[in-house]
Amino acid sequence: MDRKTQEQKNLTGTLIFAVFTAVLGSLQYGYGIGVINAPQKIIEQHYARVLELPMDEVTFKSGNETGESTVHPTVTMYWSLSVSVFSLGGLVSSFFVGWIADRLGRIKAMMVVNSLAVIGALLMGLAPLGQAHALVIAGRLITGLYCGLSSGLVPIYIGEISPTALRGALGTLHQLGIVTGILISQIVGLDFILGSKDLWPVLLGLSGVPAVIQTICLFFCPESPRYAYIKLGREEIAKRILKKLRGEYDPTKDIEEMKREKEEAASEKKVSILQLFKSPNYRQPLLVSLVLHMSQQFSGINGIFYYSTSIFTKSGISQPVYATIGVGAVNTIFTIVSVFLVERAGRRSLYLIGLAGMCICAVIMTIALALLHNHAWMSYLCMVAIFLFVIFFEVGPGPIPWFIVAELFSQGPRPAAMAVSGFCNWTCNFIIGMCFQYIAEACGPYVFIIFAILLFGFTVFTYFKVPETKGKSFEEISAEFRKKKLKGLKATEMEYLGSSSEA
């Protein structure tokens, strides 16, 4: 009872305001992911007019057997680039998160990167005034640069200002902000709101609004007390910030914790990215980190987020945009549910359940899409499979890769591991955004069988290679990796001895 009262006391108005302000960056990130989806056909038509391509080759050409419209290859290329260049910007800028956060401080860093969001939004909003395809692609690239930085700065700031007892709960608001942003973009992207022929530039340009609001609010937010003490060495300022964030209390315990963290960071040598790859001690946890991030992106989830409207259209759904909004709503609800599941169940078991469930759903989607023309009710089966696919994603593969990397590495190699993992995630995101539409056109209804095979492989890898990290210290996790390594070496030695005796 006493502890609960203390936690409630720590949740001050200043803390709530600071966390809300930071999460506006996550909301903008999510908006950037989802906003490009709904107005796809309208933007493709606009690209065709600007590029002076014949309209009958771009839309509503129904000479093929399925009766679907076909798109000119040039338009497809520019559209795929419009979608995927967002991730290209993110993977480049993700390497500079730590540098800008330490160089400027958390608050100033968020303020500075918001300028990228505003520039990107202006380019997209003004696209009809020039070469629309070039301006949209440039705007998406700059917005991606912003999101790569923001997606690192927001969790850092929230983690550093939150009380220990509330750090997990407040930390998950970053993921919740992302999925809420996706949902908002899907709703305002409806053709009778902003997803129309005349208003689509406004829809894209609105992505800069959260950045403007956040910049204004950041003037009233305190700097991270950890940054003030550990990086700047200003103890008195750190104490004042802590009292501002948590009310009237004795900050001695928190200052002592920061002091230990500072000493630990000073005693443990920082590991470079090159050293991370060279050292055999980090090989297993690095492999696990990279495969988990690959499994998140190559699961097929971004194929659904980026191209859900066209997938539902092919499924025979009469109002595909509303089905897409349904996906966004389910995604948001189960992100909230996953907060409680992750804290109660193990990371490994949830990841296995998520991957296996998504694999089964991908197989069902493939069957439903293949038999759609013979059985109309298959459209409903496909829709159910997509919703379940999203649910299983949020159970494990969605949230877990982002925080498990920090659990697998100690203070020294952690920054390099986070940078490499972030780069891997954004690279895979770019590949999916760039290639999915081409693969979908080449494979037709069998496109998700590719993801089913990948998901099966990731499930097997997780079962044999990924350790459980819930409630374990770094030393315990490290010992588990060493145990697995010794087991592998003994197995190899036994095989060698067996083959020698046979000879």
Side-chain angles (χ1 to χ4, degrees), residues 168-169 171-176 178-179 182 284-285 287-305 308 326-368 381-408 421 424-425 428-429 432 448-472 476-477 480-481 484:
T172 54
L173 294 178
H174 170 60
Q175 177 74 5
L176 184 61
I178 293 171
V179 297
I182 293 171
Q284 282 296 314
L287 178 66
V288 168
S289 300
L290 294 180
V291 173
L292 289 184
H293 276 277
M294 286 172 65
S295 69
Q296 186 194 68
Q297 295 300 326
F298 287 153
S299 65
I301 192 68
N302 277 343
I304 287 176
F305 285 154
S308 55
V327 169
V330 168
N331 193 31
T332 304
I333 292 164
F334 277 86
T335 299
I336 298 168
V337 172
S338 71
V339 173
F340 303 100
L341 286 175
V342 166
E343 292 303 321
R344 284 162 176 74
R347 279 79 155 123
R348 183 176 176 274
S349 55
L350 282 177
Y351 214 88
L352 281 169
I353 291 166
L355 289 174
M358 290 171 80
C359 181
I360 293 165
C361 290
V363 172
I364 294 169
M365 271 189 272
T366 303
I367 295 167
L381 181 62
C382 185
M383 191 168 165
V384 170
I386 287 173
F387 278 95
L388 286 173
F389 190 90
V390 172
I391 289 169
F392 280 116
F393 176 77
E394 288 303 344
V395 163
I400 290 173
W402 292 113
F403 64 80
I404 200 170
V405 178
E407 295 178 334
L408 294 174
S421 299
C424 175
N425 193 286
C428 296
N429 195 328
I432 291 295
F448 278 98
I449 202 70
I450 297 168
F451 294 114
I453 294 166
L454 288 169
L455 284 162
F456 179 77
F458 291 135
T459 305
V460 173
F461 177 88
T462 303
Y463 183 80
F464 287 106
K465 293 288 185 181
V466 178
E468 181 53 71
T469 60
K470 179 178 177 284
K472 292 182 181 178
E476 290 170 326
I477 296 164
E480 195 166 333
F481 275 121
K484 286 188 177 185

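Heads up: numbering here begins at 1 and tracks the sequence.
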Handout entry: Atom pair CG (L176) and CG (N331), whose distance is rounded to the nearest 0.5 Å
Key = 10.0 Å
Handout entry: Separation between OH of Y351 and CG of L355, rounded to the nearest 0.5 Å
Key = 5.5 Å
Handout entry: Non-hydrogen atoms of I432 and Q297 that approach each other most closely
Key = CG1-O, 3.7 Å
Exercise for the section: Determine whether more than 12 heavy atoms belonging to other residues, nucleotides or ligands lie under 6.0 Å from atom CZ of F461. Expected result: yes
Fill in the blank from the handout: Rounded to the nearest 0.5 angstrom, the SG-CZ distance for C382 and F448 is 8.0 Å
Fill in the blank from the handout: Between S299 and the options F451, F393, F392, the side-chain contact (heavy atoms from CB on, under 4.5 Å) test singles out F393
Practice task
Decide yes or no for Q296 and N425: does some side-chain heavy atom of the first lie under 4.5 Å from some side-chain heavy atom of the second?
Solution key: yes
Practice task
Looking only at non-hydrogen atoms, find the nearest pair between P397 and G354 and report the distance.
Solution key: CD-CA, 3.9 Å
Exercise for the section: Show your reasoning for whether side-chain contact (heavy atoms from CB on, under 4.5 Å) applies to F389 and V327. Expected result: CA-CA 10 Å; F389 190 90; V327 169; over 6 Å; no
Fill in the blank from the handout: Looking only at heavy atoms, the pair that brings M294 and C428 closest together is CG-SG, 3.8 Å
Exercise for the section: Identify the residue among L455, L388, I391 that makes a side-chain contact (heavy atoms from CB on, under 4.5 Å) with C361. Expected result: L388
Problem - Validation row: S289, L408 side chains within 4.5 angstrom (heavy atoms) - result: yes
Exercise for the section: Please answer whether the main-chain N or O of I449 pairs with a side-chain N or O of T366 as donor and acceptor at a distance below 3.5 Å. Expected result: yes
Exercise for the section: Can you measure from CD1 (I400) to CD (E394) and round to the nearest 0.5 angstrom? Expected result: 10.5 Å
Exercise for the section: Quick one: pull up OG1 in T459 and CD1 in I353 and give me the separation to the nearest 0.5 Å. Expected result: 11.5 Å
Fill in the blank from the handout: Rounding to 0.5 Å, atoms CG (L173) and CD1 (I178) come to a distance of 11.5 Å
Practice task
Taking the side chain as every heavy atom from C-beta outward, state whether R348 and P467 have any atom pair closer than 4.5 Å.
Solution key: no
